[in-house]
Amino acid sequence: MTARQIAESVKAGKISALEIAAQALELARTEGAELNAFITLCEDEALQIAEGIDNKVKAGGYGRSLKSREKGETDKTSELAGKPGGLLAGVPVAIKDNICYTGCRTTCGSKILENYIPPYNATVVEKLLEAGAVIIGKTNMDEFAMGSSSETSYFGPVKHPLDKKRSPGGSSGGSAAAVARGIIPLALGSETGGSVRQPASFCGLYGLKPTYGAVSRYGLVAYCSSSDVIAPFARDTEDLALIYRVIAGHDEHDATITSDLDGGNVGINVKKKFKIGIPKQYFAWELSCDVSPVINLAIEALENAGHEFVDISLPLTNKAIAAHYIIAPAEASSNLARYDGVRYGLREGGDKKLKDMYLRTRTEGFGSEVKRRIMLGTYALSAGYYDMYYERACKVREMIRREFIDAFKKVDLIITPTAPTPAFRLGEKLKDPLAMYLCDVFTVPSSLAGVPAVSVPFGAIENPESKINMPVGVQFIAPHLKEASLFQISAILEQLKK
Ligand code: GLN
């Protein structure tokens with residue numbers, strides 16, 4: 001069932017939120033465990049919340065919703081159940097394990113936070129709960145969201161739902177695998193440079209990276225604060241738009257939230273015709289030939305449906321990876337300084353001198369990719385190198401941002417592959433960081449520019465070894481806060497696929 005169907009049926013009293021939650025938890029314990037998609041299940045909280053929603057429906061809670069909403073009343077019948085409206089009433093969802101939820105530990109896929117229970121909820125968690133969603137668990141991920149394959153997790157790699165020898169992508173691989181396997185209809189991940197779009201492409205899902213500042217980061221464990229954004233996965237466009245509507249919007253706890261946001265209330269108009277740019281640099285990439293046939297089919301289908309395509313140029317595309325892999329480690333090295341054994345998580349050598357405690361805690365608590373980033377980032381920020389690396393990368397970022405602004409003077413949207421390849425084998429790139437970093441070549445530019453983008457599943461490529469068809473995603477990039485255009489083009493392509 002889609003999230004919309006579940007919410008409507010729950011509100012109409014046709015199905016029970018408790019039964020749905022119990023089913024999702026059962027699937028998570030069996031199929032989810034096979035894929036290593038979850039780090040922790042929040043069973044008791046989920047069942048309790050679901051029961052509260054059923055009680056609210058029985059008490060006529062959602063039936064009165066429209067009227068009470070008009071009168072501006074908020075719901076007081078049950079603290080746990082959704083507020084009037086219940087956009088996600090009884091919908092089971094999962095959230096990436098770097099989003100704080102007091103009902104569960106939040107590990108970020110790291111040993112250093114293995115037993116960390118946050119003292120407050122992320123704003124998106126509050127919004128999900130308000131809308132009646134039932135959070136069933138926390139999903140597996142690359143440690144501190146650093147990676148593109150979900151293999152750097154302290155809790156072991158996530159497996160692709162169609163082929164267990166392959167990666168579901170990353171860093172939000174657990175959320176993607178759980179939605180693709182049908183355990184839940186919706187999940188949240190986070191994006192810094194492609195961590196939702198790339199797994200969406202690998203797993204045949206719809207994945208949105210919202211505009212930087214459209215969704216509150218309060219309660220998202222920081223990796224690279226200037227690019228981080230919470231981002232959803234869904235199995236169709238309407239569900240994607242639905243969860244975006246729930247999580248987007250103003251939050252007094254996050255000063256980077258844009259004030260001119262319309263709350264993400266998007267109507268999907270599939271009649272609209274777009275002018276779409278094809279940036280030649282994204283198609284000249286040597287690896288993109290793997291997926292190009294599928295992207296070309298999408299272009300052809302859209303062209304036949306009356307959309308106009310024009311060639312554009314984004315010459316700085318090949319500088320984005322270099323800029324991201326300076327800026328992200330630099331900010332990470334600063335953000336991760338707080339894990340010192342004093343206030344958070346793991347403490348090793350607490351009986352030793354302070355310096356020895358720092359050393360042991362961080363040596364034992366962080367995995368090798370995280371350590372690599374901390375070292376690279378510290379170097380890029382150090383006296384004498386700051387101008388040469390960090391400051392220069394920030395200038396490149398600003399130029400990339402302007403390049404997008406200029407491109408959007410000519411076109412409504414930009415089309416590109418989401419990732420250069422379909423899902424790759426587990427272990428294939430783990431020993432070669434550069435090969436792993438290059439997976440993000442098509443997603444990092446829009447992350448640096450802060451503009452929104454969506455990955456829409458379209459077609460598949462047969463894997464010659466396994467003979468399994470592996471999904472391929474098409475990426476659309478839109479101007480600042482034009483998520484509505486992304487939902488429209490996504491719905492249009494979804495219809496053309498049928
Ligand atoms: N793969 C990129 C990185 O490791 C982006 C990750 C992300 O979007 N969180 O930095």
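Whatever order the structure lists ligands and atoms in, that order sets their numbers, starting from 1.
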task: Quick one: list whatever passes ring-ring contact (aromatic ring centres under 6.0 Å, His included) with Tyr437, sequence neighbours left out.
output: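 So Tyr437 forms a ring-ring contact (aromatic ring centres under 6.0 Å, His included) with Tyr325.
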task: Step through the shown structure and confirm whether more than 12 heavy atoms of other residues, nucleotides or ligands are within 6.0 Å of NZ on Lys111.
output: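 Counting other residues, nucleotides and ligands, NZ of Lys111 exceeds 12 neighbours.
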Neighbour count above 12 (heavy atom, 6.0 Å) for Lys371 NZ: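 It does: Lys371 NZ has more than 12 such atoms within range.
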- request: Determine, for Lys409 against Asp406, whether the closest basic-nitrogen to carboxylate-oxygen distance falls under 4.0 angstrom.
  value: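 Salt bridge: yes.
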- request: Taking only heavy atoms of the protein into account, state which residues are under 4.0 angstrom from an atom of ligand 1, in chain and number order.
  value: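 Its neighbours under 4.0 Å (heavy atoms only) are Ala145, Met146, Gly147, Ser148, Ser171, Glu191, Thr192, Gly193, Gly194, Ser195, Tyr223, His324, Tyr325, Arg373, Asp440, given by chain and number.
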task: Sequence neighbours left out, what passes salt bridge (charged side-chain N to carboxylate O under 4.0 Å, His left out) with Asp440? Give chain and number order.
output: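 Residues passing salt bridge (charged side-chain N to carboxylate O under 4.0 Å, His left out) with Asp440: none at all.
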task: Just grab all the salt bridge (charged side-chain N to carboxylate O under 4.0 Å, His left out) pairs involving residues 213-224, residues at least two apart or on different chains.
output: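 Every salt bridge (charged side-chain N to carboxylate O under 4.0 Å, His left out) pair that includes a residue of residues 213-224, provided the two are not neighbours, is Arg217-Asp254.
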